[in-house]
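Let me begin by presenting the structure, written as structure tokens, before commenting on it.
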Protein chains: 2
Amino acid sequence: MYSIKKVSEMLGIPTVTIRAWEKRYQIINPVRSNGGHRLYSEEDINTLNWIKNQMDEKDLKISEAVSLLKQKTVDRVADVELYTIKKERDNLIEMLYQDLIGLNTIKAHKTIDLAFSLYNYVDVFHNILAPVLYRIGTEWEDGKIAVAQEHFSSQIIMQRCSQFLWSLPIQPNLPKGLSLCPEGEHHQMGLMLFSLFLRNKGLDITYLGPDTPLNELPAIIRMKDISLVVISITNPDNIEELEAWVKTCRRDFPDVKIVLGGTGFQNQRTTMSSYVLPDKVSDWETWYTSTIDK
Amino acid sequence: MYSIKKVSEMLGIPTVTIRAWEKRYQIINPVRSNGGHRLYSEEDINTLNWIKNQMDEKDLKISEAVSLLKQKTVDRVADVELYTIKKERDNLIEMLYQDLIGLNTIKAHKTIDLAFSLYNYVDVFHNILAPVLYRIGTEWEDGKIAVAQEHFSSQIIMQRCSQFLWSLPIQPNLPKGLSLCPEGEHHQMGLMLFSLFLRNKGLDITYLGPDTPLNELPAIIRMKDISLVVISITNPDNIEELEAWVKTCRRDFPDVKIVLGGTGFQNQRTTMSSYVLPDKVSDWETWYTSTIDK
DNA sequence: TAGATTTTGTATAGTTTATGTACAAGTAAT
DNA sequence: ATTACTTGTACATAAACTATACAAAATCTA
């Protein structure tokens with residue numbers, strides 16, 4: 001906390017002027033001491049300094065510098081207020097896409113917050129977050145958008161999804177599960193959605209995520225007393241290794257259920273087709289009632 | 001024990017003034033003799049001396065020096081309290097470590113929640129989450145724990161950290177920043193901590209995270225009007241490529257500030273050493289005041 | 001373009017607060 | 001008895017506060 005004299009000396013602005021700016025343009029709001037003297041915070045000084053720099057560098061008048069400053073703050077708020085108007089789902093998807101492509105952390109999270117406030121979370125996952133990430137993933141593969149944009153987007157969306165992985169209630173009597181993509185696999189949205197589906201049913205799912213070495217699974221299965229393993233694959237080249245692993249798993253843990261999924265299985269012949277799960281969410285329900293909720 | 005006159009002569013402060021300070025600012029509390037005369041302890045004299053030095057050296061008013069003093073004692077009390085619950089903190093670290101190693105999503109989040117309820121968030125980041133992740137990272141490199149355990153742990157800790165990246169308030173007049181690790185780099189905890197440090201100062205930081213291709217940065221810098229780029233490196237092999245990039249960046253964006261960090265720079269000769277940031281958090285403050293908060 | 005109006009920095013007046021010091025009247029120490 | 005200390009009140013000066021005023025510069029208007 002600084003007195004007006006200190007600030008005046010630091011910034012080279014007369015005290016009268018500082019007070020006049022405060023009164024005329026409401027750019028700062030210093031705290032007062034018991035006796036009513038102004039006490040300036042770092043933030044206040046920042047603002048004054050910025051104003052003065054703008055005036056000096058760009059030869060602006062005080063009023064112009066102030067409206068620049070207000071513009072900066074207003075931009076954020078206005079963006080957020082816009083959301084309350086446009087709230088149809090397609091709009092939300094487009095907005096979120098733009099936020100993510102534009103690397104706007106704050107706006108993206110605000111949009112997701114809005115989505116969660118308008119729709120139930122299952123709906124948000126499947127009809128907003130997943131489509132956006134799918135679109136971004138496709139455009140990334142086509143080279144239409146940059147790596148950084150794709151990483152940034154999936155990082156934010158995955159983060160929001162995984163919050164639900166630990167906040168939803170668990171029913172301890174249901175089986176425990178493990179979900180993962182093998183090494184070299186990075187597309188985890190499908191895996192996340194299915195894990196959330198199971199988590200929503202009350203299963204205790206440990207989400208290991210992408211790039212998990214299959215040879216580590218037996219130890220984990222034993223340690224956590226797992227009875228359901230969910231594996232997602234995008235690249236068909238990984239099927240062979242997975243096939244071998246499934247075989248040993250069936251032998252070592254005959255009671256453990258295995259579920260496979262992901263685009264890697266489309267139009268591929270494999271000995272494991274009985275474990276492969278369809279993409280449709282309605283089929284998930286069928287699978288669940290027949291396999292887990294028997 | 002010293003009489004008021006002795007103290008006055010020792011410190012060069014009139015007796016009247018000493019009494020006025022005692023009455024007005026409650027900074028000292030000298031014992032009284034039977035007859036009511038003040039008897040000053042060494043501690044009282046130290047306090048007075050400190051106050052006087054502050055006023056002389058930093059040209060502070062008595063009221064300002066006093067509030068500094070009170071702040072100092074508050075800090076010390078906090079230190080002492082911290083010390084008494086240091087055991088508790090070590091306990092938390094151990095608990096969290098066990099939760100993460102045991103792949104217990106829910107318990108790990110509960111432990112982190114507990115940590116946030118006991119300490120301020122900066123403390124939690126630097127003294128609980130970072131040490132745990134560091135320990136797990138080391139044990140992973142030594143082959144003591146599995147890949148799955150390391151991935152799982154860093155996924156959870158990063159998720160908790162990044163929540164702060166978009167919930168802390170922003171000061172729009174401060175510069176905008178970008179933080180990232182280049183391609184092939186995966187250790188992001190240091191980058192995250194420094195990003196949080198800047199975010200905490202009110203800077204609008206876009207966290208791109210690990211594995212970001214450097215050649216995409218110019219477009220992003222233009223798009224988001226970035227004026228600060230933070231890059232972290234663990235592997236010294238990446239220094240050469242980074243050096244080239246820094247050179248072109250300096251040429252194309254002379255106004256953009258660059259900050260480099262990470263263990264990759266330890267004991268390495270490089271032309272970029274002027275941009276390299278020390279590890280110590282106190283040095284971060286120095287860097288900030290001299291570079292951003294000029 | 002001349003004159004009116006607005007913007008902006010600064011000045012001034014009358015108070016109030018902050019801070020160091022002075023003084024009076026009484027008590028303690030030696 | 002003399003010197004030092006106590007409390008309480010008072011006072012002077014510096015620094016801030018509010019409010020109003022004013023002049024130069026910039027901008028608008030007829």
Side-chain angles (χ1 to χ4, degrees), chain A residues 1-42 44-45 47-71, chain B residues 1-45 47-71 173:
Chain A
M1 289 310 200
Y2 302 84
S3 67
I4 195 167
K5 194 182 184 192
K6 284 266 155 58
V7 176
S8 166
E9 281 164 4
M10 282 164 63
L11 303 179
I13 310 171
T15 58
V16 230
T17 307
I18 296 178
R19 278 192 291 258
W21 287 1
E22 178 190 331
K23 186 175 185 181
R24 288 174 180 161
Y25 310 105
Q26 294 95 41
I27 44 173
I28 47 172
N29 190 21
V31 188
R32 299 306 185 100
S33 71
N34 289 334
H37 287 194
R38 288 169 175 79
L39 295 173
Y40 294 83
S41 68
E42 295 283 353
D44 294 326
I45 296 171
T47 306
L48 289 173
N49 188 36
W50 188 86
I51 290 275
K52 189 176 157 55
N53 281 340
Q54 295 295 309
M55 291 173 67
D56 291 351
E57 285 168 21
K58 301 185 187 166
D59 193 30
L60 295 180
K61 295 190 303 181
I62 173 71
S63 54
E64 294 168 327
V66 166
S67 63
L68 259 189
L69 178 73
K70 302 239 155 143
Q71 192 52 48
Chain B
M1 290 307 200
Y2 303 84
S3 70
I4 194 167
K5 193 180 188 191
K6 285 264 168 55
V7 177
S8 168
E9 281 163 2
M10 283 164 64
L11 303 179
I13 311 172
T15 58
V16 233
T17 307
I18 295 179
R19 277 193 291 261
W21 286 1
E22 179 189 330
K23 184 175 185 178
R24 288 174 179 160
Y25 308 105
Q26 293 95 42
I27 45 174
I28 47 173
N29 190 20
V31 188
R32 299 306 184 100
S33 70
N34 288 334
H37 286 196
R38 288 170 174 79
L39 295 173
Y40 293 84
S41 68
E42 294 284 353
E43 193 184 330
D44 293 327
I45 295 171
T47 305
L48 290 172
N49 190 35
W50 188 88
I51 289 275
K52 189 174 158 54
N53 282 339
Q54 294 295 311
M55 291 174 67
D56 291 351
E57 284 169 20
K58 300 186 188 166
D59 190 31
L60 295 181
K61 293 189 295 185
I62 174 71
S63 55
E64 294 169 329
V66 166
S67 66
L68 262 188
L69 176 73
K70 303 240 155 138
Q71 188 53 51
N173 54 323

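Chain identifiers are assigned alphabetically (A, B, ...) following the order of the sequence lines, protein sequences preceding nucleic acid strands; residue numbering begins at 1 within each chain.
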Query raised in the report: In B/S/- notation, 5' to 3', how is nucleotides 12-22 of chain C contacted by protein heavy atoms closer than 4.0 Å?
Result: -----SSBBBB
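- Taking the side chain to side chain donor-acceptor pair (under 3.5 Å) definition, one finds that B:Glu43 meets it with nothing, sequence neighbours left out.
- Across all strands shown, B:Thr15 has no heavy atoms under 4.0 Å from either base or sugar-phosphate atoms.
- Applying the salt bridge (Lys or Arg N to Asp or Glu O under 4.0 Å) rule to pairs touching residues 58-67 of chain A yields nothing, sequence neighbours excluded.
- Counting non-hydrogen atoms of other residues, nucleotides and ligands closer than 6.0 Å to OH of B:Tyr25 gives a total above 12.
- Between the side chain of B:Asp56 and the backbone N or O of B:Asn53 there is no donor-acceptor pair closer than 3.5 Å.
- A:Arg19 comes within 4.0 angstrom of a base, heavy atoms only.
- Spacing between atom OH of A:Tyr40 and atom C1' of D:dA15 amounts to 13 Å, rounded to whole angstrom units.
- Separating the CZ atom of B:Arg32 from the P atom of D:dA4 is a distance of 19 Å, rounded to the nearest angstrom.
- Straight-line distance from the OH atom of A:Tyr2 to the P atom of D:dA16: 16 Å, rounded to whole Å.
- Applying the 6.0 Å contact sphere to NZ of A:Lys70 captures more than 12 heavy atoms from other residues, nucleotides or ligands.
- In this structure, the CD1 atom of B:Ile4 is 13 Å from the P atom of D:dA4, given to the nearest Å.
- Here the OH-OG1 distance, from A:Tyr40 to A:Thr47, works out to 12.0 Å after rounding to the nearest 0.5 Å.
- Per the geometry, NZ belonging to B:Lys6 stands 17 Å off P belonging to D:dT3, to the nearest Å.
- When the C1' atom of D:dA19 is taken as reference, atom CD of A:Glu22 falls 14 Å away, rounded to whole Å.
- Atom CG in B:Leu39 sits roughly 13 Å away from atom C1' in D:dT6 (whole-Å rounding).
- With rounding to whole Å, A:Lys23 atom NZ is found 6 Å from D:dA19 atom C1'.
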